[in-house]
Amino acid sequence: MAVVLQVLAWPAWGSAAPAQGRGRAMPPNILLIQADDLGYGDLSVFGQTRFSTPNIDRLAREGTRFTQYYAGSTVCAPSRAALMTGRHSGHASIRGNGGQAGDVPLPAADVTIAEILKGAGYRTAIIGKWGLGQPGTSGMPGQQGFDLAFGFLDQRHAHRQFTDHLWRNGAQVPVNLETDYANDLFTREAGAFMAQADPRPFFVYLNYTVPHAEVRVPEDSMAPFRGKFEERPFSNPTADAQPSGSRPDGPSLGYRSQPTPFAAFAGMITRLDRDVGRLADQLGAQGIDRRTLILFTSDNGPHKEGGADPAYFHSAGPLRGIKRDLYEGGIRVPMIARWPGTVPAGQVSDQVWAHWDMLPTLAEFAGAHPPASLDGASMAAVIRGGSRLGHAPLYWEFHERGFQQAVRMGRWKAVRLQAGATLELYDLETDLGEQHDVSAAHPDVVRRMEDYLKTARTDSELWPAR
């Protein structure tokens, strides 16, 4: 859709920056990296001990690590929709991985980060997993503000780490099923886009498909971990019989067998770490690292599919729950921001914020004004090192196991496991692992949560509250 936005006047990216005191600084390049099903404890800087992630750890040393950042949902599509549109799952157009009518694309009326940044003079790219619109729908990236789209459009297709085709700007492009690891192609594509001789700042939304199942990685990343773990082989002959690279058009038959899933899982994340380091190094080699904001996060908590074992790797860290839970382990995810000279180095922040804050945050960095009636608020000042901000209550709903809800309100976290059920209440300041339901001891807090829940959402035919 065509979006008319009020944008501050910026000089061309290649022109001289304003003299000190003569206006604001230039808007930054933005590299937003999102891993797929990476848990709160899956990075060594967040506590992982069975393998290390030195390059992402370096981003944290050179920037700020946020310990209370939340995904948009506990599964892929609604989380990514929240990030793109600035609306939480009580107001978003997409609230689950498919509604009553199947996969749901972003509607034309939704305004995305890419549309806002493109209107502010950015060149824009989505690389990797999109998951918000298939060919012929309003959710195609080209209709949502992206100049370049390369990768997987469909979430089920993205279950294949090796495939025979990907998508470039709405057209299928062949790739080598035997040798082309999809995530390697994503790194290469992101690097090429950032290296283009173009005077405009760039926005690269880079969505790796690791460590989501299938749990598979090239041998050079597996080798360091072979024999290191007590493996529990994963076997699924039915899935093995499917065509190896193509998206299954019928019901999912699951993930293919993996005899060494622990080595593969560690290899997937360390390869991701390697590639993030390569992109960060490229920015330095291009001389633009001090003009580029890198944000690194995940779309939801860790999974236990295809042979993965989040308990073995402590993938949720000290948190309760995993993917498809509304406890902290399903929705609290890593967040690191690095922008040398602007984002304080070596800092740890307990600012509470979430995916739906990303749109107004990036809009402020770009000098653009976001649409009204968003659920998110700009965290640009906090990222720059300002004081912690208060935050409106955070809300999630989930529909794959009936109608579930969760609310974060200050120190308090409430979870409802089915429609009409009594709220569970946890004090996250004293009980980060959500082990002690204190609802009976704090009826006043429960009433406050219940009052909020009466206004937290709008009705949806596709995702009813039942």
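Every value quoted in this text rests on a predicted model; they were computed, and no experiment measured them.
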Legend entry - Partners passing side chain to side chain contact (heavy atoms under 4.5 Å, CB included) against A223 (at least two apart in sequence or in another chain): E219
Inset, instruction - Check whether any side-chain heavy atom of Q34 sits under 4.5 Å from a side-chain heavy atom of S298, and report yes or no. - result: no
Legend entry - Separation between CD of Q282 and CE of M194, rounded to the nearest 0.5 Å: 4.0 Å
Legend entry - Side-chain donor-acceptor contact under 3.5 Å, D37 with N300: yes
Legend entry - Non-hydrogen atoms of I127 and F186 that approach each other most closely: CG2-O, 3.6 Å
Inset, instruction - Compute whether any side-chain donor of one residue and acceptor of the other, for D36 and T209, lie under 3.5 angstrom apart. - result: no
Legend entry - Rounded distance [0.5 Å steps], CG in L117 versus CD1 in I30: 5.0 Å
Legend entry - Residue pair D357 / T361, side-chain donor-acceptor N/O under 3.5 Å: no
Legend entry - Student check: side-chain heavy atoms of F203 and L362 closer than 4.5 Å: yes
Legend entry - Nearest atoms (heavy-atom pairs only) where T112 meets L106: CG2-CD1, 4.1 Å
Legend entry - Q144 side-chain N/O to L132 backbone N/O, donor-acceptor pair under 3.5 Å: no
Inset, instruction - Could you verify whether a donor N or O on one side chain and an acceptor N or O on the other, from D299 and S79, lie under 3.5 Å apart? - result: no
Legend entry - Residue pair Y70, H355: steps toward the ring-ring contact (aromatic ring centres under 6.0 Å, His included) verdict: CA-CA 6 Å; Y70 289 90; H355 262 23; over 10 Å; no
Inset, instruction - Go through the structure and list residues passing ring-ring contact (aromatic ring centres under 6.0 Å, His included) with Y395, not counting sequence neighbours. - result: H88
Inset, instruction - Output yes when a side-chain donor or acceptor of Q351 lies under 3.5 Å from a complementary backbone atom of L389, and no otherwise. - result: yes
Inset, instruction - Taking all heavy atoms of K304 and all of P310, pick out the closest pair and write down the distance. - result: CB-CD, 3.5 Å
Inset, instruction - Would you check if I336 and T64 make a side-chain contact, meaning some heavy-atom pair closer than 4.5 Å? - result: no
Inset, instruction - Taking the side chain as every heavy atom from C-beta outward, state whether F296 and L43 have any pair of such atoms under 4.5 Å apart. - result: yes
Inset, instruction - For the residue pair K129 and R80, establish whether any side-chain heavy-atom pair is separated by less than 4.5 Å. - result: yes
Legend entry - Side-chain heavy-atom pair P27, Y122 within 4.5 angstrom cut-off: yes
Legend entry - Sub-4.5 Å side-chain heavy-atom contact between F150 and I126: no
Legend entry - Within the 6.0 Å centroid threshold, strictly below: F66 and W353: yes
Legend entry - No-hydrogen, no-angle side-chain donor-acceptor test under 3.5 Å, D57 and S44: yes
Legend entry - D220 atom CG, over 12 foreign heavy atoms within 6.0 Å: yes
Legend entry - Candidate pair W463 and F398, rule ring-ring contact (aromatic ring centres under 6.0 Å, His included), full reasoning: CA-CA 9 Å; W463 290 280; F398 185 52; over 10 Å; no
Legend entry - CZ/R290: more than 12 non-hydrogen atoms of other groups inside 6.0 Å: no
Legend entry - Nearest-0.5 Å distance that lies between atom NE2 in H303 and atom CD1 in I322: 9.5 Å
Legend entry - Exercise: do D42 and S315 side chains pair donor with acceptor under 3.5 Å: yes
Legend entry - Residue pair D184, R274: steps toward the salt bridge (charged side-chain N to carboxylate O under 4.0 Å, His left out) verdict: CA-CA 10 Å; D184 291 352; R274 180 203 71 179; 3.5 Å; yes
Legend entry - Check: H91 side chain, L374 main-chain N or O, donor-acceptor pair, under 3.5 Å: no
Inset, instruction - Under the salt bridge (charged side-chain N to carboxylate O under 4.0 Å, His left out) rule, what do R324 and E305 come out as? Steps first, then yes or no, please. - result: CA-CA 12 Å; R324 293 186 175 84; E305 299 161 350; 2.8 Å; yes
Inset, instruction - Would you name the heavy atoms of R256 and F162 that are closest together and state the gap between them? - result: NH2-O, 4.4 Å
Inset, instruction - Examine F265 together with F225 and report whether their ring centres are nearer than 6.0 Å. - result: no
Inset, instruction - Before giving the answer on salt bridge (charged side-chain N to carboxylate O under 4.0 Å, His left out), spell out for D154 and R160 the whole-Å C-alpha distance, their side-chain angles and the decisive distance to 0.1 Å. - result: CA-CA 11 Å; D154 179 270; R160 298 291 182 249; over 6 Å; no
Legend entry - R457 versus Q405, side-chain donor and acceptor atoms under 3.5 Å: no
Legend entry - Donor-acceptor side-chain pairing of H157 and Q155 below 3.5 angstrom: no
Inset, instruction - Kindly give the heavy-atom pair with the smallest separation between P334 and L38, and that separation in Å. - result: CD-O, 4.1 Å
Inset, instruction - Please report the shortest heavy-atom distance between P340 and D289, naming the atom on each side. - result: CD-O, 3.3 Å
Legend entry - Close side-chain approach of I294 to W339, heavy-atom, < 4.5 Å: no
